[in-house]
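First up is the structure itself, then whatever we jot down about it.
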2 protein chains.
Amino acid sequence: MDKCAAAVALEESKLFAGISEEDIKHMMDCSKSKVQKFRTGEIICTFEGSSDKVGVLIGGEAELERVDYAGNRTVLEILAAGDVFGQTLAFGNLTGDMLDVVARSCCTVVFIPADFVSSRCSNACVRHAQFVRNMLGLISGKAQSLSERIEVLSNRSIRDKLMCYFTINCAKARADRFTMPFSFTTLADYICCDRSAMMRELGQMKEDGVVQIDKREVRLIS
Amino acid sequence: MDKCAAAVALEESKLFAGISEEDIKHMMDCSKSKVQKFRTGEIICTFEGSSDKVGVLIGGEAELERVDYAGNRTVLEILAAGDVFGQTLAFGNLTGDMLDVVARSCCTVVFIPADFVSSRCSNACVRHAQFVRNMLGLISGKAQSLSERIEVLSNRSIRDKLMCYFTINCAKARADRFTMPFSFTTLADYICCDRSAMMRELGQMKEDGVVQIDKREVRLIS
DNA sequence: CGCCGTTTGTTGCGCTTGCAACACCTCGGC
DNA sequence: GCCGAGGTGTTGCAAGCGCAACAAACGGCG
């Protein structure tokens, strides 16, 4: 993929939203960004050192993995086209574990030197404003969703955790129902409890008539 | 306090770190920032609508509180001089509760219109770069600490939560020991469990010889 | 079709944990 | 001095929950 095609794809990304294709091309030159391709299973990026660059996935699917001292891999996040990753955006390297981004399919990635974000834009000042706004929006969106999860996890019982999760998502949907974006197994991971215990509680809640569940659609009663 | 004195105080804040007093004065004019004083107990700021401004606490102490539907107030955060608060930085308004910042003592606050952060800096371009870097650093630092707490909360048992918290903080201190920044009561809140249950487990752990605790200093064994 | 991996659903056992109710200490104000 | 507020430390009890071990349904694939 050449720079021109990359610019078209970047226009769809969250980081370059609202910036014209032409301006993006200009910014890519200015920042000395690089386009790179990866095959399924290849490691796109690892956060051991201080590789200060931001990556935008413009094609394919990838995942952010944690590798602990024993070599166990845990998927922290699934990245789709348009998603952004990077030192500033990838948190959790606190226990000293390694973090890396791995291609799940054939991926195309644009790497942007991190200092470009805050650089003094001699020739790209106009579009920089939008770029910075997007960057701030991305990180604070990330923080928002982290804080949302803490909100859920701060409840003591499984029932309260579920109710909290359901309530938040119904509020987001501005309705008394919403559709879960993932499986029950993943939900149990999200709220950090045993899946079977969660299923048991979910059964109780249905029996008590506080929720109705059809496939992945959850409905809160009253 | 006049603008000049405010600029001196701002130089110490996290948001303006690395920017000269003179440049800050310039930026305050440019952004039409306002300096305001508050008495103990006064509400500095509330996040119900979309008040898009960033506040820097340059004197006194304040707290970020959540007020739920029943009127119960929970302290989410303590703010000291130099700390920054604002829409982008204050998360958690997810359950529809109100959030507000309340003065704990006599406070001086500088309010900066939020769009200044990403504004196209006709006359302040040079210092803007540092300002944006600081802003990004603040938010991503916030996200980092949120993610740290999730790391802790994602453990199932109290023992594992404690071990996780201790390990992370020892790693931060680059030692086998560290000093807790708060009381045991607050620690129980942080890891979201019953205080008495935590004390019981802490006793067990001391007995098992995996930790030593003296006042607020925690030491991990082996 | 048959085989596979993944997700869903269920149950019993027993430890862990939350809850309530204590007693004790320190600190600061009056 | 006395008092109250807030932190610390302990205990009994009931139940919530994790864990292990199942069975069954689903979807992809040769």
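Throughout, protein chains are lettered first and strands after them, A, B, ... in sequence-line order, and every chain is numbered starting at 1.
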task: Answer with base, sugar-phosphate or nothing: what part of the nucleic acid does A:Arg159 contact at a heavy-atom distance below 4.0 Å?
output: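 No contact.
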Rounded to whole Å, please give me the gap between [atom1] in [X] and [atom2] in [N].
{"X": "A:Leu202", "N": "C:dT7", "atom1": "CG", "atom2": "C1'", "answer": "14 Å"}
{"X": "A:Met205", "N": "C:dG9", "atom1": "CE", "atom2": "P", "answer": "15 Å"}
{"X": "B:Met198", "N": "D:dT8", "atom1": "CE", "atom2": "P", "answer": "8 Å"}
{"X": "A:Phe182", "N": "C:dT6", "atom1": "CZ", "atom2": "P", "answer": "19 Å"}
{"X": "B:Asp194", "N": "C:dC22", "atom1": "CG", "atom2": "C1'", "answer": "14 Å"}
{"X": "B:Asp189", "N": "D:dG7", "atom1": "CG", "atom2": "P", "answer": "10 Å"}
{"X": "A:Glu201", "N": "D:dC17", "atom1": "CD", "atom2": "C1'", "answer": "9 Å"}
{"X": "B:Lys161", "N": "C:dT16", "atom1": "NZ", "atom2": "C1'", "answer": "12 Å"}

Measuring from the side chain of [X] (C-beta onward, heavy atoms only), which nucleotide among [options] has the closest atom?
{"X": "B:Arg195", "options": "D:dT8, D:dC19, C:dC19", "result": "D:dT8"}
{"X": "A:Met199", "options": "C:dT10, D:dT8, D:dT11", "result": "C:dT10"}
{"X": "A:Ser157", "options": "D:dG16, D:dT8, C:dC19", "result": "D:dG16"}
{"X": "A:Phe184", "options": "C:dT17, C:dG9, C:dT11", "result": "C:dG9"}

task: Specify the residue among B:Thr186 and B:Ala197 whose closest nucleotide of DNA chain D lies further upstream toward the 5′ end.
output: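 Nearest-nucleotide comparison on DNA chain D picks B:Thr186.
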message: Is it the case that the side chains of A:Ser157 and A:Asp160 hold a donor-acceptor pair, with the cut-off being a distance below 3.5 Å and no angle test?
response: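 A pair is found: one side chain offers a donor N or O, the other an acceptor, under 3.5 Å apart.
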task: Rounded to 10°, tell me the angle between the two end axes of the helix from C:dC1-D:dG30 to C:dC30-D:dG1, each built from five pairs.
output: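 The angle, to the nearest 10 degrees, is 40°.
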- request: Kindly say whether, by distance alone, the side chain of B:Ser196 makes a donor-acceptor pair under 3.5 Å with the base of C:dC19?
  value: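 Answer is yes: a donor-acceptor pair is held.
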query: Would you say A:Val109 and A:Phe85 make side-chain contact, with heavy atoms under 4.5 Å?
result: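 A side-chain contact under 4.5 Å exists here.
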field: A:Phe184 six-ring centre to A:Arg195 NZ/CZ under 6.0 Å and within 45° of normal
entry: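 No; the conditions do not both hold, so A:Arg195 does not lie above the ring face of A:Phe184.
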message: Can you give me the closest heavy-atom contact between B:Arg149 and B:Asp189, atom names plus distance?
response: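 It is NH2-O, 3.4 Å.
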- prompt: Taking all non-hydrogen atoms of both residues, which atom of A:Leu153 and which atom of A:Lys161 are closest, and how far apart?
  reply: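 Of all heavy-atom pairs spanning A:Leu153 and A:Lys161, the closest is O-CE, 3.8 Å.
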message: Is the phosphate of C:dT6 approached by A:Thr185 (side-chain N or O, under 4.0 Å from OP1 or OP2)?
response: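 No.
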message: At less than 4.0 Å, is any side-chain N or O atom of A:Arg156 found next to OP1 or OP2 of C:dC19? Yes or no.
response: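 For A:Arg156, the contact criterion (side-chain N or O under 4.0 Å from OP1 or OP2 of C:dC19) is met.
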message: Please verify the inter-ring angle class for A:Phe131 with A:Phe16; under 30° counts as parallel, over 60° as perpendicular, anything in between as tilted.
response: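 Rings of A:Phe131 and A:Phe16: tilted, as their planes differ by 30° to 60°.
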- request: Decide, yes or no, whether a salt bridge links B:Asp208 with B:Arg159 under the criterion of side-chain N to carboxylate O below 4.0 Å.
  value: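 Yes, this pair counts.
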